[in-house]
There are 2 protein chains.
Amino acid sequence: MNNNSVFIEKLRFVGLRPTKQRIRICEELFNRKETFHFTINELKELLLKKKNQKISQATVYNTVKAFKKKGYLKEISINSEKNYFDTNTSNHHHFFNESTNELIDLDDKNIDKIKIKKTLPGKKIKSIEVLIKIANNN
Amino acid sequence: MNNNSVFIEKLRFVGLRPTKQRIRICEELFNRKETFHFTINELKELLLKKKNQKISQATVYNTVKAFKKKGYLKEISINSEKNYFDTNTSNHHHFFNESTNELIDLDDKNIDKIKIKKTLPGKKIKSIEVLIKIANNN
DNA sequence: TCAATATATTAGAATGATTCTAATATACTC
DNA sequence: GAGTATATTAGAATCATTCTAATATATTGA
């Protein structure tokens, strides 16, 4: 596993010690070509399933939250039932397929710049996010 | 309370029997000039505070969910900590002030029509929602 | 390399939001 | 107004998340 050194650097960079559990989590999250959307539960199950090595939920929660805090993961709120995280931390938007509960990234470039005509004196804009809910035709 | 007949009609319309607890909830939700954004907890506390008549949380949950299901309330997901509801069920967007946890409506007209350049064959769009996170300048 | 110590991991308990349950009360029908 | 269907309720159950404090591991500096 040569990637480990990348993960160790990444962990160090965000101020986490590179333990084997955290490296395992990094593999699961960042060793992918595609963006990864997941809930904590899905992540826990993947970790267990793939290597049959249990990582306590406290560690999963702590590590995911640390990555989120430092900007290596993004949180996506869609409804009160599920809380998603996204390994794509760039500025982008989402489709959410209500028929399948699937999240799909939509690049910033695929939506015209959003112009807001209402002004809010004394406030600064931190982020603008578009969520498009879709469903299967049938 | 002449409004009661309006609430009774509303309740009947969505298939709920007009009990005094539900009418109380309607007063709290719909007897307002302004849009009302609330969490279940805030609503429970308001109900208790204003008339000192307790309504069980099961009734609050059931009634709010019934209104949501029938489109008299909208659910707004901002983060995993709080789950908001909105009495404004029209097509609109939101500012969320992260400094104060305040939700502010942004009329559809205040944002140019959103053009999506990515096509998703076999899917239909159910809603497009923009969430703008803001913070106080200081 | 090793000991000392700082930090991480863990199982399980605690918490908080939401849902369920089944006993009691109320609204509706005739 | 009686009988039946439905609602309300307190409290229990459940589920996600956070906390705790005992044990294990990583790091540092000799």
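Each chain gets a letter, A, B and so on, in the order the sequences are listed, and its residues count up from 1. Excluded from the calculations below are hydrogen atoms, water molecules and symmetry mates; all remaining heavy atoms, backbone and side chain alike, are included. None of the values given here were measured: they were computed from a predicted structure.
- Ion pair A/D112/B/K113 not flagged as a salt bridge, since none of the NZ, NE, NH1 or NH2 atoms sits closer than 4.0 Å to an Asp/Glu carboxylate oxygen.
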- Task: Start with the C-alpha gap between B/K126 and A/E98, add the side-chain angles, then the distance that decides, and say whether salt bridge (Lys or Arg N to Asp or Glu O under 4.0 Å) holds.
- Result: CA-CA 9 Å; B/K126 309 282 281 185; A/E98 294 185 332; 5.2 Å; no
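- The line from CG of B/D86 to CZ of B/F36 is 10.0 Å long, rounded to the nearest 0.5 Å.
- Atom CG in B/L11 sits about 18 Å away from atom P in C/dT26, given to the nearest Å.
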- Task: Report the C-alpha distance between B/D107 and A/K118 in whole Å, list the side-chain angles of each, state the deciding distance to 0.1 Å, and finish with yes or no for salt bridge (Lys or Arg N to Asp or Glu O under 4.0 Å).
- Result: CA-CA 9 Å; B/D107 201 278; A/K118 181 173 183 172; over 6 Å; no
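- A salt bridge links A/E27 with A/R24: the closest approach of a Lys/Arg side-chain nitrogen to an acidic carboxylate oxygen falls below 4.0 angstrom.
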- Nucleotide by nucleotide, nucleotides 8-22 of chain C touches protein heavy atoms under 4.0 Å in the pattern (B base, S sugar-phosphate only, - none) SSBB-----SBBB--
